[in-house]
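Report on one structure; see the data block that follows.
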Amino acid sequence: MTVAGALAGCSGGGNNGDGGDDGGDGNNTTTSGGGGASVPGEVDTYLSDNDANGYDGSAADMTGQDTVEISVGAGDRGYAFDPAAAVVSAGTEVTWVWTGNGGQHNVVSTDDAFESERQSSAGATFAHTFEEAGNYTYYCVPHEALGMHGAVIVE
Ligand SMILES: [Cu+2]
């Protein structure tokens with residue numbers, strides 16, 4: 001008859017998750033926003049055939065923004081673009097921002113739409129405004145064979 005009360009006190013809890021720090025840093029305008037947009041067949045083929053690092057079969061939905069950023073030198077070894085595939089609205093200025101990882105990189109369109117210098121310093125940038133809808137695939141020349149490929153899908 002000594003059982004009563006042994007478990008008292010374990011039930012309450014009451015920690016109803018007030019921990020969610022909503023604040024954030026206001027950094028929501030950069031990379032990897034949301035994701036999940038579908039990828040046009042020709043873009044999927046390009047990225048898949050080249051084993052694009054960081055490409056998971058979907059594209060980051062970055063539409064409705066005047067400017068977006070894509071990281072150059074992302075991933076464990078610095079041989080990726082992040083996001084590898086991005087969907088933007090026509091008229092969007094895309095700025096590629098170098099992380100400083102992975103050595104020298106450049107951003108070269110597969111159809112001569114744009115081409116950056118080779119750069120390696122963290123914070124280096126290259127910008128291109130996509131005025132017309134279409135599919136734009138690109139790669140990094142030094143790491144083309146290592147899967148450093150990306151795409152911008154302009155709606
Ligand atoms: Cu590279």
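Just so you know, ligand 1 is whichever comes first in the structure, and atom 1 is the first atom listed for that ligand. FYI, the numbering just counts along the sequence from 1.
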Original post:
So, Gln104 and the Cu ion (ligand 1): N/O/S under 2.8 Å, yes or no?
Top reply: no
Original post:
Can you tell me if CG on Asp66 sees more than 12 non-hydrogen neighbours from other groups inside 6.0 Å?
Top reply: no
Original post:
Will you find, in the side chains of Asn101 and Tyr79, an N or O donor that is under 3.5 Å from an N or O acceptor?
Top reply: no
**OP:** Identify, by name, the N, O or S atom of His105 lying closest to the Cu ion (ligand 1).
**Re:** ND1
Original post:
Hey, which N, O or S atom on His143 ends up closest to the Cu ion (ligand 1)?
Top reply: ND1
Original post:
How many angstroms lie between OH in Tyr46 and OG in Ser48, if you round to the nearest 0.5 Å?
Top reply: 11.5 Å
Original post:
Would you call the rings of Phe114 and Phe130 parallel, tilted or perpendicular, where under 30° means parallel and over 60° means perpendicular?
Top reply: perpendicular
